[in-house]
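Below: one structure, written as structure tokens.
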Amino acid sequence: MRSVFKNRTVKWVLIAAFWLLVWQAAAWAVGSKLLLPSPADTAAALVSLCGTSAFWKSCLMTLLRVFAGFLLGIAAGSALGVLTAASRFAEELLSPLRSIVKATPVTSFIILVLLYLSSALTPLFIAFLMVLPIAWTNVAGGIIATDKELLEMAEVFGFSRMKKLRAVYAPSVLPHFISACTTGLGFAWKSGVTAEVIAHPSFGMGKAIYESKLYLETPELFAWTAAVIILSFALEKLVMLLLGRIVKWK
Amino acid sequence: MEVKHVSFSYGEKRILDGVSLSLTKGRRVAVMGESGRGKTTLLKLMLGLIEPDSGEIARDNGERPSVVFQEDRLLPWFTARRNVEIVAAPGCASEEILRDMELADAMDKLPKELSGGMQRRAAIARALAFGGSPLLLDEPFKGLDPEMRERIAERILSYAGEGPILLITHDEREAELLKCDEIIRL
């Protein structure tokens with residue numbers, strides 16, 4: 001058994017198979033597709049959904065909203081991180097805003113934002129809002145944690161501001177930035193889809209999840225959820241691949 | 001560079017009390033003393049990283065010291081070569097300096113892939129490539145065996161030429177290796 005587990009692919013296939021079996025056993029035990037559809041019911045619902053244009057359009061719209069919100073959140077959060085790490089005044093002035101965004105329940109924000117923005121833009125804005133403090137905290141933390149001895153060295157050897165940024169700060173902040181991207185992407189998906197459930201845009205995976213629940217189409221609800229997980233996983237891999245390229249380029 | 005009656009305290013504790021030294025052309029000064037006697041503090045003062053409580057540190061116009069810190073302070077994400085090249089004066093043969101520091105086979109390795117002694121030599125190579133004056137060396141031979149110390153000391157002297165050197169050490173033999181003509185005990 002131990003030798004089989006040494007092969008990574010085999011190991012993951014076995015782990016996936018184990019959890020599918022647990023799910024299947026639970027579905028048998030419950031005995032109702034309405035309460036807990038089996039993996040096969042879910043797969044069938046997913047295949048059936050894949051044959052409709054509405055499915056692909058919903059996936060595309062959610063993907064665009066989540067990704068745009070994520071990118072904007074990372075950009076604005078990083079800029080605020082740099083600003084607040086560089087200026088004590090800026091940190092003191094802006095930190096209450098970060099604390100409020102972190103502590104406020106996402107549903108309160110969704111309902112509030114719906115007063116000002118369209119149902120199509122609300123999920124994008126919510127994803128942005130959830131990613132913002134994550135990028136902000138991580139980037140500021142990375143800058144503050146930059147090795148003081150290396151900064152002294154850079155000072156003594158006359159590094160220009162740009163050289164200091166490229167050779168000392170950027171590589172120090174990079175692990176914190178990558179961490180912000182992985183955590184932020186997860187939050188962007190969860191909050192973006194939740195916002196779609198509440199905001200009901202014309203097309204969106206969250207809206208589809210809500211409608212599946214409304215019409216008691218539990219296998220479809222599971223299928224949509226599976227689609228969200230698959231897309232979220234794929235987007236995370238893509239972002240990590242791009243970040244990996246940037247690191248290699250450096 | 002000239003240190004004139006410099007005193008410095010950390011809180012209530014006086015670390016340096018009226019220290020003076022002069023680093024004129026060709027002069028080599030060793031500063032010795034037990035741990036905690038202010039040797040590294042003196043280096044920081046000379047580098048302008050901290051200000052003295054009293055006294056003065058006079059620098060010539062445009063004077064830029066080269067330094068080997070007590071810690072290697074290599075950029076961990078760059079190879080030994082890039083660590084040297086990034087500070088090298090224009091036209092400086094960084095690779096040759098690295099070879100002279102006996103790092104020919106290690107120059108494309110990251111600091112974490114180098115032994116302690118190799119990292120030390122990379123830090124010395126960086127200071128030599130920077131080409132500043134005076135050359136300030138804080139325990140430069142830490143982690144090097146006696147034969148290696150001799151060879152590296154010779155090459156440091158060769159690169160420094162007539163430039164003044166300040167050596168911080170607790171080992172008098174190192175002052176001899178760098179042919180110091182004055183020893184200041186703290």
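Computed from heavy atoms alone, side chains included, the values below leave out hydrogens, waters and symmetry copies. Just so it is clear: chains get the letters A, B, ... in the order the sequence lines come, proteins before strands, and each one is counted from 1.
Residues A:Leu174 and B:Trp77 are not in side-chain contact: their nearest non-hydrogen atoms beyond the backbone lie 4.5 Å or more apart. Looking only at side-chain heavy atoms (C-beta outward), A:Glu149 and B:Phe69 stay at 4.5 Å or farther from each other. Contact annotation: the side chain of B:Pro76 approaches that of A:Leu150 to within less than 4.5 Å [non-hydrogen atoms, C-beta and beyond]. By the 4.5 Å heavy-atom criterion applied to side chains, A:Met153 and B:Leu75 are counted as neighbours.
A 6.0 Å sphere centred on CD of A:Glu155 holds no more than 12 heavy atoms belonging to other residues, nucleotides or ligands. Other residues, nucleotides and ligands contribute more than 12 heavy atoms inside 6.0 Å of the NZ atom of A:Lys148. Residue B:Arg81 places its CZ atom among more than 12 non-hydrogen atoms of other residues, nucleotides or ligands, all under 6.0 Å distant. Within a 6.0 Å sphere centred on NZ of A:Lys57, other residues, nucleotides and ligands contribute 12 heavy atoms or fewer. In the displayed structure, B:Phe130 atom CZ is contacted under 6.0 Å by more than 12 heavy atoms of other residues, nucleotides or ligands. Few gaps surround CG on B:Asp145; more than 12 heavy atoms of other groups in view lie less than 6.0 Å from it.
Using a 4.5 Å cut-off between heavy atoms, B:Ile86 contacts chain A through both its backbone and its side chain. For B:Arg64, no part lies under 4.5 angstrom from a heavy atom of chain A.
Of the residues considered (B:Leu47, B:Leu74, B:Val67), B:Val67 shows the highest number of contacts with chain A, using heavy-atom pairs under 4.5 Å.
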